[in-house]
Every structure is written in C-alpha cells, then in structure tokens.
Amino acid sequence: MTSLVIFLHGVGSNGADLAPLGEAWRDRLPNTIFAAPDAPFACDQGGAGRQWFSIAGVTEANRPARVFEARGRFDRTIPEIVGAHGFANSPERVALVGFSQGTIMALDVLASGRWPVAAVVGFAGRLASPEPLAPSLATKALLIHGAADPVIPATESQRAAERLRQEGISIDTLFVPGVGHTISAGGAKAACDFLKKVFAG
C-alpha cells in the first residue's frame, strides 16, 4: 500500500459512519489504506456518539481554545494510526478527510503545520484554529460544502479558504446546490478525484 486516508467524523457520530466512503473509493484508490477512528471523547450531547471537543456552550470566541485543547488527544490518536500502518516517516502519503467537527480538526492540522500531510479534504466544516497560523505549504486542500447547510453555513468554508489562501495554501472549494449538512454523492466523487490526483503526484 502506498497511501493512507484517515476519516475524521463529526460530533455525536463515530468512525463507522464514514468508513463506507473508503469502501466506495477503494476501486479508484486501490493502493490506499482507509482508517476511520472514533474520536477520543464521549459526546456530551447525549447518545453513544463521540466528539473531538465539546460543543456545549461553544461560541465563535471560545472555539479556538477548544480546538487548541483538543490537540493533545488528537495528536496521540492520529499518529498511532499513521505509525501502525507504516507511514510515520511518509506524511506526504497521508490524507485527512473530515466531516463537520472532523473537518475542524483536519483543518487545524493544516493551519498549524504540525504534520505536512499530502492533503486535507473537509466536508461541511469551518476553520477554527487559534491564530497565528503556521501552515505547511506542502499540503493541498479541498473544501466541500452543501449550499443549503443549516448547521454550519457554507460561508464558513468560503471564509476558511480565503484565510488559508492568505497563508499561501493551495486550496479548492466546491459548493453543492441544495445539499444540507451531509456528504452528497457528487461531493464524495469530487473528493475521491482530488485524492487520486494528489497521490498520483
């Protein structure tokens, strides 16, 4: 296997919810390992789901601090997966694919430059990393957002792209008409196409 894709789920969900994307992409990314871990914390909104950080009482002002605090557990969870699959010394062969809160965490990796992964794909998310940003310019990114998302407005992906471009990041966007807070078939295909191109070099 020559590449690794790690899926990062949203709040109240779990890794199994995104794992089917890997099955759908397997034929087009045949030399890729797909991993879909559960976030480290039980969701404090009820149910059996998981979360990367709490959204109880979250605001625009305090969200960056929560993302910063979440790095501790996140930075243990993801490197364990990368190392277990033999990519510890090959971040340029690793991609992160997030949905909603998972996108926030994936974009935080990009914005902080902690790991120079090959690519970040973010569905229905936002940039919430604390300033100043210090991204790895080697990482390519694609943000996909439903234009009718009632949970996280599509303007958040537009804002994220504009901010990251200011830092020199190569980032594309796709806004899907009529789609809410979900991953559409068209969005999934665009993400797979993007990763195939990135991994092809």
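Both backbone and side-chain heavy atoms feed into the values below; hydrogens, waters and symmetry mates do not.
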| field | Nearest non-hydrogen partners of Ala124 and Phe99, listed with the distance | value | CB-CE1, 3.7 Å
| Test item: Ser112 and Arg71 side chains (from C-beta on) under 4.5 Å apart, heavy atoms | yes
| query | What about Phe7 and Val109, same hydrophobic cluster or not, with Ile/Leu/Val/Met/Phe/Trp/Tyr joined at side-chain heavy-atom distances under 4.5 Å? | reply | no
| message | Do Leu4 and Leu18 land in one hydrophobic cluster if side-chain heavy atoms of ILVMFWY residues count as linked below 4.5 Å? | response | no
| message | In the structure I gave you, are the side-chain heavy atoms of Phe34 and Glu23 within less than 4.5 Å of one another anywhere? | response | no
| With a 4.5 Å heavy-atom cut-off, do Phe194 and Lys140 have their side chains touching? | yes
| query | Are the side chain of Glu167 and the backbone N or O of Ala111 linked by a donor-acceptor pair below 3.5 Å? | reply | no
| remark: So CG of Leu164 and CG of Leu133: to nearest 0.5 Å the spacing works out to 6.5 Å
| request: Taking the side chain as every heavy atom from C-beta outward, state whether Ile6 and Val82 have any atom pair closer than 4.5 Å. | output: yes
| said: Return the CG to OG1 distance between Asn62 and Thr59, rounded to the nearest 0.5 Å. | reply: 3.0 Å
| Does the Asn14 side chain pair with the main chain of Gly49, one donor and one acceptor, at a distance under 3.5 Å? | no
| message | Just to verify, which of Ile33, Val198, Thr2 counts as forming a side chain to side chain contact (heavy atoms under 4.5 Å, CB included) with Arg93? | response | Thr2
| Ionic contact status for Lys197 with Asp193, cut-off 4.0 Å | no
| request: Sorted by first residue and then second, give each salt bridge (charged side-chain N to carboxylate O under 4.0 Å, His left out) pair with at least one member in residues 5-14; sequence neighbours left out. | output: none
| said: For a salt bridge (Lys or Arg N to Asp or Glu O under 4.0 Å) check, start with the C-alpha distance between Asp108 and Arg114, then their side-chain angles and the critical distance, and finish with the verdict. | reply: CA-CA 9 Å; Asp108 186 53; Arg114 303 198 305 281; 2.9 Å; yes
| Between Thr103 (side chain) and Phe123 (backbone), is there a donor-acceptor pair under 3.5 Å? | yes
| field | Minimal non-hydrogen separation, Gly180 against Pro150, with atom names | value | CA-CD, 4.2 Å
| request: State the CG-CZ distance between Asp149 and Phe175, to the nearest 0.5 angstrom. | output: 11.0 Å
| Neighbour count >12 (heavy atoms, 6.0 Å) for atom CD, Glu69 | no
| Judged by atom type as modelled, is there a donor-acceptor pair below 3.5 Å linking the side chain of Arg66 to the main-chain atoms of Ser54? | yes
| said: Can a donor-acceptor pair be found, under 3.5 Å and without considering hydrogens, that links the side chain of Thr173 to the backbone of Leu143? | reply: no
| said: Under a 4.0 Å threshold between the charged nitrogen and the carboxylate oxygen, would Glu162 count as salt-bridged to Arg159? | reply: no
| request: Spell out, as yes or no, whether a donor-acceptor pair under 3.5 Å connects the side chain of His145 to the backbone of Gln158. | output: no
| note | So salt bridge (charged side-chain N to carboxylate O under 4.0 Å, His left out) across residues 119-133, not counting sequence neighbours, yields Arg126-Glu156, Glu131-Arg163
| Test log, rule side-chain contact (heavy atoms from CB on, under 4.5 Å), inputs Val97 and Leu8 | CA-CA 6 Å; Val97 177; Leu8 306 172; over 6 Å; no
| message | Taking CG in Asn89 as the centre, count heavy atoms belonging to other residues, nucleotides or ligands within less than 6.0 Å. Is the count above 12? | response | no
| task | Could you tell me whether the side chain of Phe87 reaches within less than 4.5 Å of the side chain of Val117, counting heavy atoms only? | result | no
| query | With no hydrogens and no angle check, is any side-chain donor or acceptor of His9 less than 3.5 Å from a backbone partner on Ala39? | reply | yes
| task | Working to the nearest 0.5 Å, report the span between NZ of Lys189 and CG of Leu174. | result | 11.0 Å
| query | Going only through I, L, V, M, F, W and Y residues with side-chain contacts under 4.5 Å, is there a path from Val11 to Val58? | reply | yes
| request: Check Trp52, Phe53, Phe68 against Phe74 for a ring-ring contact (aromatic ring centres under 6.0 Å, His included) and give me the one that passes. | output: Trp52
| request: Find out if a path of hydrophobic residues (ILVMFWY) with successive side-chain heavy-atom gaps under 4.5 Å connects Val151 to Val179. | output: no
| field | Distance (rounded to the nearest 0.5 Å) between Leu107 CG and Ser157 OG | value | 7.5 Å
| What is the minimum heavy-atom distance between Ala191 and Leu142, and which atoms define it? | CA-CD2, 4.0 Å
| task | Pick out which of Leu29, Leu195, Thr32 makes a side chain to side chain contact (heavy atoms under 4.5 Å, CB included) with Ser3. | result | Thr32
| query | Is any side-chain heavy atom of Trp115 closer than 4.5 Å to a side-chain heavy atom of Ile78? | reply | yes
| note | Shortest non-hydrogen pair, Ala147 vs Pro177, comes out as CB-CA, 4.0 Å
| task | Hey, could you give me the CE/CD distance between Met105 and Gln51, rounded to the nearest 0.5 Å? | result | 11.5 Å
